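Some notes on the structure that comes next.
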Amino acid sequence: MHQLLSIFAFLSSLVLSFAAQTPLTSPSTPTLPPPLIQVDVRQWNLSASPSVDSVSHLVFDTVASLLQHWSNSRYRNGHNVVPGIVPIGTLLYHGRENLEIPTGPEWTAVDPEHSRIFCRGAAPDCWHLTFVTTKSLRVLHFDGSSAAKLYGGTLDTQDFLAWNRTRPEWVMEEAGRLRDLCEWGKKYQLDGFSRMQVDFEVMLCDFSPLQAVSYVQLSPEGPPYRFPIMTDRGLDPPFVPQSPLGMAYKLIEAGAWHNFYPGESRIKLDLTRLVSFYDTDLFPSLVQVRSGLSRLEHRIDGISERDIQAYHDRLDEVLRDFGNDVSLSASGVDWRTLYQVIVERYADRLEMLRYILNATEPTAENYSQNYTQTMDSAMYRLHLMLTSYALQTATPPTDGRDEDRVWASPVFQHCATTHTSSLFPFRSSFSRSELLLLKALEDTNREICRVVVKLWAEGIEAGVQPSFPLREPGDEFLPVLKRWKANIDGLMGWLDWSTWRKCRPACGVEEVCYMPTWLYFKKTPWPFLKQPIDLNLIDDSEEWRNPTPRCIRILEPFDWHNP
Ligand SMILES: *[C@@H]1O[C@H](CO)[C@@H](O)[C@H](O)[C@H]1NC(C)=O
Ligand SMILES: *[C@@H]1O[C@H](CO)[C@@H](O)[C@H](O)[C@H]1NC(C)=O
Ligand SMILES: *[C@@H]1O[C@H](CO)[C@@H](O)[C@H](O)[C@H]1NC(C)=O
Ligand SMILES: *[C@@H]1O[C@H](CO)[C@@H](O)[C@H](O)[C@H]1NC(C)=O
Ligand SMILES: *[C@@H]1O[C@H](CO)[C@@H](O)[C@H](O)[C@H]1NC(C)=O
């Protein structure tokens with residue numbers, strides 16, 4: 001057996017060596033790495049699931065979702081702060097009620113549908129300005145719905161940066177927040193900050209790196225709007241009357257262009273300088289803060305003094321020598337693409353597998369008692385996922401028991417290491433952030449492979465081969481299929497990729513699937529901006545607490561309230 005294992009290992013290392021020809025190596029003839037002597041079955045144990053304390057899946061999902069509107073609308077309390085650039089030649093938009101170029105910190109939108117909303121004052125004028133960046137802007141990106149003016153955590157990462165604490169009484173004090181962030185960012189020559197709400201925005205500390213391309217006068221849209229202003233008496237809240245639904249849809253539509261990968265690509269992030277609040281080495285105090293909470297409730301408030309200091313120190317490290325070309329990252333590894341490769345390889349296949357396994361549920365639309373057929377379909381999906389990992393020599397022993405399925409360990413190892421083992425030699429050039437990215441990728445890919453290979457190995461042991469003769473009705477498969485369903489539900493729950501949150505049944509032609517986001521929930525109290533919304537004071541706050549996609553009408557009469 002061991003001799004056989006070492007042959008599998010050698011064969012798999014051959015395959016790995018061909019996959020390892022990355023530009024990182026010096027240009028010379030590829031060489032074979034030393035063969036793996038044997039697979040360590042303790043390390044590649046198909047029964048060992050990840051620790052309950054693991055955060056790798058959360059790092060993975062938040063990083064894979066950066067700049068994507070869908071996921072950041074659902075998980076609106078951001079956990080990543082990432083330096084990035086807005087390249088030269090990018091258009092940014094700004095709407096206002098007079099023709100003045102801002103002299104201090106102000107907002108710009110990446111889509112004119114967003115900025116247009118800000119040019120409806122009491123005055124009859126609506127000035128819409130288009131700017132172009134004349135150099136690459138250095139920005140800091142806050143993920144999540146970091147521009148949603150809510151109590152409950154959306155502003156945490158900004159507030160701890162500006163003030164070392166949250167300031168619920170200043171949720172609406174956007175000008176003050178930006179002023180203090182800009183003050184902080186001066187020492188790093190930051191030009192601004194990027195955030196997301198219904199669409200993405202770039203808050204600039206100074207407009208001098210921009211050149212005006214056009215200024216046009218448009219007809220004001222909607223009823224008069226008054227911005228919040230700071231007075232001697234304190235904050236004078238803005239006044240926003242209920243606006244026509246069609247006007248809001250324009251903005252919802254623009255935001256949705258950035259729903260999925262690559263998301264908002266005018267902002268380019270340098271992942272080698274990413275700071276993640278799921279990094280438990282950097283922010284150990286948050287482990288306790290998150291304990292017992294659902295992912296939707298995770299936030300930064302509650303962080304210790306020591307960890308606030310760590311936040312400042314880490315940002316100081318990553319921003320001190322931050323250039324303005326994100327392609328010149330520490331190692332040259334394209335992490336964003338590598339993460340996307342994993343998501344693409346498994347997202348649809350796992351979803352289809354879950355659907356197939358659902359057929360054993362009497363209430364499922366696809367309920368079937370033909371277990372042979374269900375088993376066959378499921379096994380085909382598992383084969384697809386393991387297409388280049390299922391070694392020819394990995395077969396169950398015919399002469400006895402192998403309770404830990406040691407025979408399948410080489411397949412597990414090959415599947416789990418194929419995207420990352422080639423990076424091993426370059427670890428020394430990785431930044432601290434890259435080591436976190438690597439670990440999250442390894443752990444996440446490993447758990448996918450563990451579950452998929454385990455199911456596949458069980459299927460092989462049960463004699464289900466691609467060419468296997470379909471017997472009827474296959475009652476003996478029912479307990480196996482039930483167990484598989486639990487395993488796949490468990491895996492997909494752990495991964496928790498937002499791409500699996502869909503409208504079921506699919507929306508009609510006159511509708512679109514909408515992930516509810518601030519400020520367009522079913523029950524938005526109007527006027528919504530008079531004060532920040534406190535979810536505890538809303539009767540029907542389920543949609544606010546647990547954003548779940550639903551179909552909304554996009555032809556007149558528009559309606560995001562009730563489908
Ligand atoms: C594999 O993991 C399971 C569950 O943690 C454990 O019971 C078993 O002993 C492990 N097997 C090996 C060979 O380490
Ligand atoms: C926040 O804490 C950092 C690190 O201790 C310190 O340098 C900074 O001055 C503090 N900022 C404020 C507004 O207190
Ligand atoms: C599985 O079936 C249940 C009903 O038993 C249904 O609610 C659920 O949406 C189905 N899931 C999939 C992925 O088809
Ligand atoms: C699932 O349901 C659809 C629609 O009822 C049907 O066409 C299909 O054959 C079913 N698949 C299985 C595996 O039963
Ligand atoms: C079960 O499915 C298989 C494959 O589609 C088919 O050949 C067989 O006739 C089905 N059995 C029953 C009882 O429907």
Side-chain angles (χ1 to χ4, degrees), residues 1-2 4-5 7-9 11-12 39 41-42 44-50 345-346 348-364 366-416 445-495:
M1 190 66 199
H2 282 167
L4 267 182
L5 277 182
I7 295 171
F8 307 150
L11 288 175
S12 65
V39 175
V41 297
R42 276 162 319 199
W44 300 103
N45 180 345
L46 288 166
S47 307
S49 40
R345 291 194 63 78
Y346 294 107
D348 291 351
R349 289 161 162 187
L350 288 173
E351 192 176 31
M352 182 58 89
L353 181 56
R354 181 173 64 180
Y355 169 79
I356 292 166
L357 294 172
N358 219 16
T360 56
E361 296 289 313
T363 51
N366 235 41
Y367 179 55
S368 157
Q369 282 179 295
N370 189 340
Y371 304 125
T372 306
Q373 188 190 31
T374 305
M375 187 73 178
D376 192 47
S377 296
M379 201 57 185
Y380 180 71
R381 293 292 137 184
L382 294 167
H383 272 292
L384 273 184
M385 286 189 260
L386 298 177
T387 184
S388 61
Y389 315 128
L391 309 173
Q392 189 200 10
T393 43
T395 51
T398 48
D399 59 339
R401 294 164 65 79
D402 179 4
E403 276 178 19
D404 284 328
R405 299 208 165 80
V406 169
W407 68 270
S409 295
V411 182
F412 177 21
Q413 183 195 28
H414 185 22
C415 171
N445 190 39
R446 179 192 170 101
E447 179 58 4
I448 297 170
C449 291
R450 186 186 72 82
V451 174
V452 171
V453 173
K454 184 157 104 70
L455 270 46
W456 169 84
E458 281 186 48
I460 296 285
E461 287 178 2
V464 192
Q465 295 286 357
S467 56
F468 110 115
L470 290 164
R471 288 159 294 157
E472 295 172 29
D475 286 345
E476 72 275 22
F477 292 140
L478 182 59
V480 181
L481 290 169
K482 293 247 180 220
R483 195 165 63 240
W484 285 13
K485 178 166 157 40
N487 280 304
I488 292 297
D489 284 348
L491 173 64
M492 291 173 75
W494 186 77
L495 295 171

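Values reported hereafter were calculated over all heavy atoms of this structure, with side chains retained and with hydrogens, waters and symmetry mates removed. As the structure is a computational prediction, the values presented were derived from the model and not from experiment.
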Rounded distance (nearest 0.5 Å) linking atom CG of D475 with atom OG1 of T372: 8.0 Å

Let me confirm one number: the CE-SG distance from M385 to C449, rounded to the nearest 0.5 Å. 10.0 Å

When you compare the side chain of E447 with that of V451, does any pair of heavy atoms fall below 4.5 Å? yes

L46 side chain reached by D404 side chain, heavy atoms, under 4.5 Å: no

Could you report the tightest heavy-atom contact between V464 and M379, atom names first, then the distance? O-CE, 3.6 Å

When every non-hydrogen atom of G459 is compared with those of W484, the smallest separation belongs to N-CZ2, 3.7 Å

Which is it for W456 and H383 under the side-chain contact (heavy atoms from CB on, under 4.5 Å) test, yes or no, and what are the steps along the way? CA-CA 7 Å; W456 169 84; H383 272 292; 3.5 Å; yes

Matching residue for R381 among I356, I488, L455 - test: side-chain contact (heavy atoms from CB on, under 4.5 Å): I356

Can you find a heavy atom in the side chain of P396 that is under 4.5 Å from one in the side chain of D402? no

side-chain contact (heavy atoms from CB on, under 4.5 Å) assessment of F477 paired with T374: CA-CA 9 Å; F477 292 140; T374 305; over 6 Å; no

Quick check for you: to the nearest 0.5 Å, what is the distance between C415 atom SG and R450 atom CZ? 12.0 Å

Any donor-acceptor N/O pair, T360 side chain to L357 backbone, under 3.5 Å: yes

Under the 6.0 Å and 45° cation-pi test, does R446 pair with W44? yes

Measure the spacing between CD of E361 and CG of N366 and express it to the nearest 0.5 Å. 12.0 Å

Look only at the side chain of N487 and the backbone of R483, and say whether a donor-acceptor pair between them is shorter than 3.5 Å. yes

A457: side-chain contact (heavy atoms from CB on, under 4.5 Å) partners, not counting sequence neighbours: R405, W407, A408

Heavy-atom nearest pair, S368 first then Q373, reads OG-OE1, 4.3 Å

Side-chain contact test, heavy atoms from C-beta onward, threshold under 4.5 Å: evaluate it for N445 versus Y346 and give yes or no. yes

Would you check, one step at a time, whether the test side-chain contact (heavy atoms from CB on, under 4.5 Å) holds for T395 with I460? CA-CA 8 Å; T395 51; I460 296 285; over 6 Å; no

For M492 and L350, work out which heavy atoms get closest and say how close. SD-O, 3.6 Å

Any chance you could lay out the side-chain contact (heavy atoms from CB on, under 4.5 Å) test for R345 and I448, step after step, and finish with the verdict? CA-CA 11 Å; R345 291 194 63 78; I448 297 170; over 6 Å; no

